[in-house]
Amino acid sequence: MKDENYFEKVYAITRLIPRGRISTYGTIASYLALGSARMVGWALNKSFSEERVPAHRVVNRKGELSGRNHFPTPTLMQELLEKEGAIVENNQIKNFKELFWDPAEELDIEL
DNA sequence: GGATTGACGTCTG
DNA sequence: GCAGACGCCAATC
């Protein structure tokens, strides 16, 4: 029973994302030293079956809602992001830079 | 057990 | 600056 699986780490980080904040696969992957951003996407894919993880707050490096197609409804992701104050246009977050959240930042505060 | 795919990222052209 | 190809690591077929 490896509780310390890489996807559990991703769950923790994704759940720690504050409302109105957004993170990226590469940042999380780099922080968790997963070695590949794809691992993050994979973990989030399982997250739907595991627990309620705000995966809609996690987007690719371009700030694009790449995973919206995997949501129950392709519009759900955008709806949630807009509801949290994010400006989504053309399946891409306009104020992505402003809403960008880094796990290291949160860790720095905890430390 | 091998080959392909996958919610991505970085490099080269 | 944009487009295309390769690389990552794991799970699924």
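Residue numbering restarts at 1 for every chain, and letters A, B, ... go by the order of the sequence lines. Computed from a predicted model, the values in this text were never measured in an experiment.
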**Asked** Quick one: how far along DNA chain C does chain A reach, first to last nucleotide 5' to 3', anything under 4.0 Å to a heavy atom?
**Response** C:dG7 to C:dA11

**Item:** Euclidean distance for C1', B:dA7 against C:dA3 (whole angstrom)
**Value:** 22 Å

Compile the donor-acceptor pairs under 3.5 Å between side chains in residues 75-85 of chain A and protein atoms, sequence neighbours left out, one pair per line.
from    : atom 1 : to      : atom 2 : distance (Å)
A:Glu84 : OE1    : A:Gly20 : N      : 3.3
A:Glu84 : OE1    : A:Arg57 : NE     : 3.1
A:Glu84 : OE2    : A:His56 : NE2    : 3.4
A:Glu84 : OE2    : A:Arg57 : NE     : 3.2
A:Glu84 : OE2    : A:Arg57 : NH2    : 2.7

Take atom [atom1] of [X] and atom [atom2] of [N], then tell me their distance rounded to the nearest Å.
{"X": "A:Leu34", "N": "B:dA7", "atom1": "CG", "atom2": "C1'", "answer": "14 Å"}
{"X": "A:Met77", "N": "B:dA7", "atom1": "CE", "atom2": "C1'", "answer": "8 Å"}
{"X": "A:Ile22", "N": "B:dA7", "atom1": "CD1", "atom2": "C1'", "answer": "15 Å"}

Is there side-chain contact between [X] and [Y], with heavy atoms separated by less than 4.5 Å?
{"X": "A:Asn91", "Y": "A:Arg68", "answer": "yes"}
{"X": "A:Pro103", "Y": "A:Thr27", "answer": "yes"}
{"X": "A:Lys94", "Y": "A:Val88", "answer": "no"}
{"X": "A:Ile22", "Y": "A:Phe100", "answer": "no"}
{"X": "A:Val58", "Y": "A:Leu44", "answer": "yes"}

Between the protein and nucleotides 9-11 of chain B, list the N/O to N/O atom pairs that are separated by less than 3.5 angstrom.
from   : atom 1 : to      : atom 2 : distance (Å)
B:dG9  : OP1    : A:Gly26 : N      : 3.4
B:dG9  : OP1    : A:Arg61 : N      : 2.9
B:dG9  : OP2    : A:Arg61 : N      : 2.8
B:dT10 : OP2    : A:Arg61 : NE     : 3.2

**Request:** Could you please spell out the steps behind the side-chain contact (heavy atoms from CB on, under 4.5 Å) verdict for A:Ile93 and A:Asn95?
**Result:** CA-CA 6 Å; A:Ile93 300 171; A:Asn95 52 355; 3.4 Å; yes

**Fill in**
What one should report as the nearest heavy-atom pair of A:Phe96 and A:Arg61 is CE2-O, 3.8 Å

**Message:** Using a heavy-atom cut-off of 4.0 Å across all strands, would you classify A:Ala55 as base, sugar-phosphate, or nothing?
**Reply:** base

